Structure formats: structure tokens, C-alpha cells
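So the structure is just underneath, and the comments pick up after that.
None of the values given here were measured: they were computed from a predicted structure. In what follows, chains carry the letters A, B, and so on, assigned in the order in which the sequence lines appear, proteins first and then strands, with residues in each chain numbered from 1. Just so you know, these numbers use all the heavy atoms, side chains as well, and skip hydrogens, waters and symmetry mates.
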Number of protein chains: 2
Amino acid sequence: MEPRYTERSCAPVREVLARVGDKWSLLIVMNLGEGPLRFSELQRTIDGISQRMLTLTLRGLERDGFVQRTVYPTNPPKVEYALTPLGDSLRCPVNALGEWVRENLSAIQDARRDFEGERVEAAE
Amino acid sequence: MEPRYTERSCAPVREVLARVGDKWSLLIVMNLGEGPLRFSELQRTIDGISQRMLTLTLRGLERDGFVQRTVYPTNPPKVEYALTPLGDSLRCPVNALGEWVRENLSAIQDARRDFEGERVEAAE
DNA sequence: CAGCATCCCAACCGATACTG
DNA sequence: CAGTATCGGTTGGGATGCTG
């Protein structure tokens, strides 16, 4: 049993948190949770994402085994993205964290207000 | 009831994920989970963190109400950092995600190997 | 001891243009 | 349709030096 939390022990957890915490991954995973979508459908569904970031984020999710990419060799090409069982199972702890955020969001926002307030006060 | 996940609905969750998913926050929160530590103790405990990043990350955690900063006006000064009840309660869903990562880490690593393998194969 | 200020490099990300 | 390539602005983060 290790007595404290090390970079080694935390790094894999942090990597997953960083992936899901990046700008677009969460949105993609959650929207794919409703069912498979093709590239253009994702782009329409997720407001404001660029083609570049959609591609890059999907590649990252695919690389980690969260998303399955399926190409239908039609003309024009059709590519469908779906959550893998691994990606789907990730939704559970992520939803738990989402629940925690919803329950504590006002406390966080209050803390931010207080923090800014004290900074102003200290500056006077 | 909204039919799909929007930027608006995901943003607060993503913000918390991004904070905890950044390079150092998780390490700080987890180590403070064992009890309060002062600045220099944190820096010794967390291998490789720079003074600058320790300060910045602590400020961020303090701003969101996860960490309480207490200054003892001695000479030389002593500053102690501790988790707030809010910060402590965050450990629960984060640990759940940590548990998920431990259970699925090998699957993730396999996926990465496969992904790289297929890229090499495709390049041949 | 516990920081803040500065410099600097690397990664992230958006916009745009081009392609099988 | 589903990408890739390139450019440029913004942010993240390490190294160093200075201070109450």
C-alpha cells in the first residue's frame, strides 16, 4: 500500500479526466450515447465545433477505444461513429460526476463570487 | 426536458472535469485528502511541480471553493492549505472515476496499441 | 517561507483552403 | 461527404530571478 498519491498513480486517471474534460469530448460522448451518428450529423448536433476539432477529437476517442468508426464505402462516403462498450461504460462515472456538479454548482459559483469579492476588497 | 446535450448543459461539468483533469489539480486534491499541508510540504510531496504551477493551481482550486488557504502571520510566514467540505465531497465522484480507470486501464491501453498497429498497417 | 514577475517554448484550437 | 494541410492567435506551463 502506497502512503501518498504520486504522479505515477494519478497519471492514468488524469489522462482520462483530461480527455473527457477537453473542449469537445464530453459533448461527443454524450451525444453518441443516444445512438450512432455520422460525421456531418455530429457537426450539426454539436454547435460551434470546427471540422478540424471534430476530426481530432473523434480520433482521440477512437484511439482510446471509446468510439468505433465505421466506413461505408458508398459514394459519397458515409462514416458512422458509435460508442464502444468501453465508451458507453464511461458514461456511468461521468454522469455521477455530472450529478455532483449539478448538486454543487451553486456552491462553486458562490465561492467564485466570494473569491473575486475578497480580491476587490484586498485591493482597496 | 431537452432532447440532446448542448454546450450550455455540458459546460459546467466540463469546467470541473477540466480543472480536475489539468496537470496538477488532481494530485493536490488527493494529497490534501489525507490532511492539511503547507505550501512547501505540498511542493516536496508533489514531485516535479514548479513553484509557479503550485501557486496557480492552488489559486484555481481556492477560487472554486475546493481548497481553503489559511495564513499564520508568523515570521517566517506559514500558509496551510486544506480541502473544504466541498473539495472533500468532490473526492467521491473522482474516486469513482479513478476506480473505473483502474478497472478499464488495460482495455484502454490495448485499444491504443491496436490503433497504432492499424495505422502502421495502413501505411504499408 | 511563500510567493510574484518575467521570459520563453510548446500545445491547443479556430479559420480557411483544398481533396478523394 | 468526410476529411487533410496550413497558418496564426491564445493558453499552458517550465525556468529563473526577486521580495516581504
Grab the CZ-P distance between A:F39 and C:dG20 for me, whole Å please.
17 Å

A:T57 side chain to A:L54 main-chain N or O, any donor-acceptor pair under 3.5 Å?
no

Please evaluate residues B:L37 and B:Y81 with respect to the criterion side-chain contact (heavy atoms from CB on, under 4.5 Å), reporting the C-alpha separation (whole Å), side-chain torsions for both, the decisive distance (0.1 Å), and the verdict.
CA-CA 5 Å; B:L37 291 169; B:Y81 292 90; 5.9 Å; no

Any side-chain N or O of B:T55 under 4.0 Å from OP1/OP2 of C:dG3?
no

Is the phosphate of D:dG3 approached by A:R69 (side-chain N or O, under 4.0 Å from OP1 or OP2)?
yes

Send over the distance from A:L56 CG to C:dC12 P, rounded to a whole Å.
9 Å

Considering only D:dG14, C:dG14, C:dA2, which nucleotide approaches the side chain of B:R52 most closely?
D:dG14

Residue A:Y81, side-chain atoms from C-beta onward, closest of D:dG13, D:dG3, D:dC1:
D:dG3

Of the candidate nucleotides D:dT4, D:dA2, C:dA2, which contains the atom at the shortest distance from the side chain of B:Q51?
C:dA2

Figure out the CG/C1' separation between A:D22 and C:dC12, and round it to whole Å.
10 Å

Base, sugar-phosphate alone, or nothing: which one does A:R38 contact when heavy atoms must sit under 4.0 Å apart?
sugar-phosphate

Could you give the CE-to-C1' distance, from B:M53 to C:dA5, as a whole number of Å?
15 Å

Counting heavy atoms from C-beta on, name the nucleotide in D:dG17, C:dA15, C:dC1 closest to the side chain of B:P77.
C:dC1

Below 4.0 angstrom, N of the basic side chain to O of the carboxylate: do A:R14 and A:E7 qualify?
yes

Using a heavy-atom cut-off of under 4.0 Å over every strand shown, decide if B:Q43 touches base, sugar-phosphate, or nothing.
nothing

Atom CG of B:L54 and atom P of D:dG13 are separated, to the nearest Å, by 13 Å

From C:dA2, D:dG14, C:dG14, nucleotide with atom closest to B:S50 side chain
D:dG14

Under 4.0 Å between a Lys/Arg side-chain N and an Asp/Glu carboxylate O for B:E34 and B:R91?
no

Which part of the nucleic acid does A:Y72 contact within heavy-atom distance under 4.0 Å: base, sugar-phosphate only, or nothing?
nothing

Taken to the nearest whole Å, NZ/A:K23 to C1'/C:dG14 is 8 Å

B:E41 bridged to B:R44 by N-O distance under 4.0 Å
no

Report the distance from atom CG of B:L58 to atom P of C:dC1, rounded to the nearest whole Å.
16 Å

Round to the nearest Å and state the distance from A:E7 atom CD to D:dG13 atom P.
12 Å

